[in-house]
2 protein chains.
Amino acid sequence: MRISEGVEWAVHLCGVLGVVRDGYSLTAGRLAEFHDLPSDYLAKHLQALSRAGILTANRGVSGGYRLAKPARSITLLDITLAIEGSEPAFRCTEIRRQGPCAATPAACKHICAIAQAFMLAETQWRKALASVTVADIIRTAASESFDRARRQAFQDWLNNAVK
Amino acid sequence: MRISEGVEWAVHLCGVLGVVRDGYSLTAGRLAEFHDLPSDYLAKHLQALSRAGILTANRGVSGGYRLAKPARSITLLDITLAIEGSEPAFRCTEIRRQGPCAATPAACKHICAIAQAFMLAETQWRKALASVTVADIIRTAASESFDRARRQAFQDWLNNAVK
DNA sequence: ATTAACACGGATGATATCTATCCGCAATGC
DNA sequence: GCATTGCGGATAGATATCATCCGTGTTAAT
């Protein structure tokens with residue numbers, strides 16, 4: 001069981017887009033450059049975020065991506081579901097209906113207790129992710145992972161990269 | 001992101017083993033038969049459960065598997081970790097250290113806020129799974145998925161399969 | 001002692017998913 | 001027009017999951 005790397009990329013880059021001045025945007029190429037990621041592949045993920053309504057994309061020579069809504073309104077769950085899809089991690093295959101003591105359709109009126117438990121666990125997981133927004137990430141990262149020099153380098157890079 | 005089918009199989013079959021009379025056991029072949037699963041592949045998972053101390057295995061002509069501890073002491077988390085391994089689903093690749101504004105080692109003193117959030121979500125997921133035991137599953141399944149006929153068929157099958 | 005039944009681990013292959021790249025198309029601003 | 005960019009499809013390689021087979025060691029019954 002593993003979450004794809006694309007989720008990590010997407011959250012990081014939503015954080016970057018969250019500090020871009022209103023009305024400006026960054027291209028897929030620039031976003032890839034920022035964390036040295038494979039540009040074409042990252043583009044796929046950005047397109048998924050766009051389809052999910054998390055980013056707004058603009059085509060053409062002055063195009064690029066920006067957040068489709070305020071950073072405080074985008075949760076880690078939103079991003080995760082956009083990249084990974086919304087199917088649950090646990091997929092009940094109803095094996096209770098197989099074998100010599102197979103449950104009859106009538107006996108399967110209730111959802112399997114095992115599936116139930118895993119679904120509940122996944123709900124907890126989703127709740128936790130839904131409680132953290134891109135704005136939260138930006139705030140924490142700004143105070144914990146950006147010293148003076150990096151903050152300056154970031155601003156310089158942004159000013160040059162933004163369109 | 002998906003949990004392997006083996007987890008579902010393992011929980012179901014731990015439930016079966018949980019109602020076997022003390023001192024008796026079931027072979028991998030019998031367990032596979034019960035839910036019509038690929039016997040050889042299931043065997044791999046049973047071996048993993050054995051290595052994890054969830055099942056006790058006995059070799060030889062009258063061998064087989066039984067629960068290594070009471071059903072109330074085996075959680076869904078125990079089983080999941082035994083099958084899936086204990087690595088977290090979210091693997092931080094520290095991309096903040098890459099690119100033109102890479103964070104210095106000093107700035108990475110704190111864990112990345114993103115990794116932190118995903119780890120916390122995963123902790124919630126684990127908590128939920130740790131709060132459900134095989135005994136709970138047996139109890140719920142018995143009352144919800146076993147009508148009179150199936151209960152009887154199950155007892156008959158067990159009496160014949162057990163050793 | 002021989003035999004049959006069983007768990008165990010390694011090796012191997014098939015299938016699916018993830019990662020990555022490339023291409024043509026459509027849209028946009030100069 | 002023309003360069004730049006997002007978009008989706010096609011493709012291929014890498015990795016993980018699913019599945020099978022085989023030799024070995026162990027056990028109990030004959």
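In what follows, every chain begins at residue 1, and chains take the letters A, B, ... in the order their sequences are listed. From a predicted model like this one, the values you see are computed outputs, not experimental measurements.
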Trainee: Are A:Phe118 and A:Glu122 close enough that some pair of their side-chain heavy atoms sits under 4.5 Å apart?
Mentor: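 No, every pair of side-chain atoms sits at 4.5 Å or beyond.
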
Trainee: At 4.0 Å (heavy atoms only), tell me whether A:Gly64 reaches a base, stays on the sugar-phosphate, or touches nothing.
Mentor: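 The residue A:Gly64 makes sugar-phosphate contact but no base contact.
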
Trainee: Using a 4.5 Å cut-off on heavy atoms from C-beta on, say whether the side chain of A:Leu129 contacts that of A:Arg126.
Mentor: no

Trainee: Using a cut-off of strictly less than 4.0 Å between a heavy atom of the residue and any atom of DNA chain C, enumerate the qualifying residues of residues 5-17 of chain B by number.
Mentor: none

Trainee: Can a cation-pi geometry be assigned to A:Arg151 and A:Phe154, taking NZ or CZ under 6.0 Å from the six-membered ring centre and within 45° of the ring axis?
Mentor: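 No, cation not above the ring by the 6.0 Å, 45° rule.
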
Trainee: Would you call A:Leu55 and A:Cys14 a side-chain contact if the rule is heavy atoms closer than 4.5 Å?
Mentor: yes

Trainee: Decide yes or no for A:Ser4 and B:Met1: does some side-chain heavy atom of the first lie under 4.5 Å from some side-chain heavy atom of the second?
Mentor: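 Sidechains of B:Met1 and A:Ser4: no contact.
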
Trainee: Any side-chain heavy atom of B:Thr27 sitting closer than 4.5 Å to one from B:Lys163?
Mentor: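 A side-chain contact exists here, since the closest heavy-atom pair is under 4.5 Å.
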
Trainee: Specify the residues of residues 39-52 of chain A, ordered by number, for which at least one heavy atom lies under 4.0 angstrom from an atom of DNA chain C.
Mentor: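 Only A:Asp40, A:Tyr41, A:Lys44 qualify.
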
Trainee: Please list, in 5' to 3' order, the outermost nucleotides of DNA chain C lying under 4.0 Å from any heavy atom of chain A.
Mentor: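 The footprint of chain A covers C:dT19 to C:dG29.
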
Trainee: Using a strict threshold of under 4.0 Å (side-chain N to carboxylate O), is an ion pair present between A:Asp147 and A:Arg150?
Mentor: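 Salt bridge flag = no for A:Asp147 with A:Arg150.
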
Trainee: Donor-acceptor pair, distance only, cut-off 3.5 Å: does the side chain of A:Ser143 make one with the backbone of A:Thr140?
Mentor: yes

Trainee: Please write out each protein N/O paired with an N/O of nucleotides 24-27 of chain D under 3.5 Å, distance rounded to 0.1 Å.
Mentor:
{"residue": "D:dT26", "atom": "O2", "partner": "B:Gly60", "partner atom": "N", "Å": "3.3"}
{"residue": "D:dT27", "atom": "O2", "partner": "B:Val61", "partner atom": "N", "Å": "3.0"}

Trainee: Please find the pair of heavy atoms, one from A:Ser39 and one from A:Ala32, that lie closest to each other, and give the distance.
Mentor: CA-CB, 3.6 Å

Trainee: Taking the side chain as everything from C-beta on, heavy atoms only, tell me whether B:Trp125 gets closer than 4.5 Å to A:Gln124.
Mentor: no

Trainee: Quick one: are A:Val11 and A:Val134 in side-chain contact, heavy atoms under 4.5 Å?
Mentor: no

Trainee: Does the side chain of B:Phe34 come within less than 4.5 Å of B:Val16's, by heavy atoms?
Mentor: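 Yes - at least one pair of side-chain heavy atoms lies under 4.5 Å apart.
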
Trainee: Would you say the side-chain atoms of A:Asp36 pair up with the backbone N or O of A:Glu33, donor to acceptor, closer than 3.5 Å?
Mentor: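 A pair under 3.5 Å: no.
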
Trainee: For nucleotides 13-16 of chain D, list the nitrogen or oxygen atoms of the protein found under 3.5 Å from its nitrogen or oxygen atoms, one pair per line.
Mentor:
{"residue": "D:dA16", "atom": "OP1", "partner": "A:Arg2", "partner atom": "NH1", "Å": "3.4"}

Trainee: Count the heavy atoms belonging to other residues, nucleotides or ligands that lie under 6.0 Å from NZ of A:Lys69, then report whether that count exceeds 12.
Mentor: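 Yes, because the 6.0 Å sphere around NZ of A:Lys69 holds more than 12 heavy atoms from other groups.
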
Trainee: Does any pair with a residue in residues 86-108 of chain A pass salt bridge (charged side-chain N to carboxylate O under 4.0 Å, His left out), and if so which ones, sequence neighbours excluded?
Mentor: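 Those involving residues 86-108 of chain A are A:Glu87-A:Arg91, A:Glu94-A:Arg96, A:Glu94-A:Arg97.
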
Trainee: Rounded to the nearest Å, what distance is computed from the CD1 atom of residue B:Ile83 to the P atom of nucleotide D:dA19?
Mentor: 14 Å

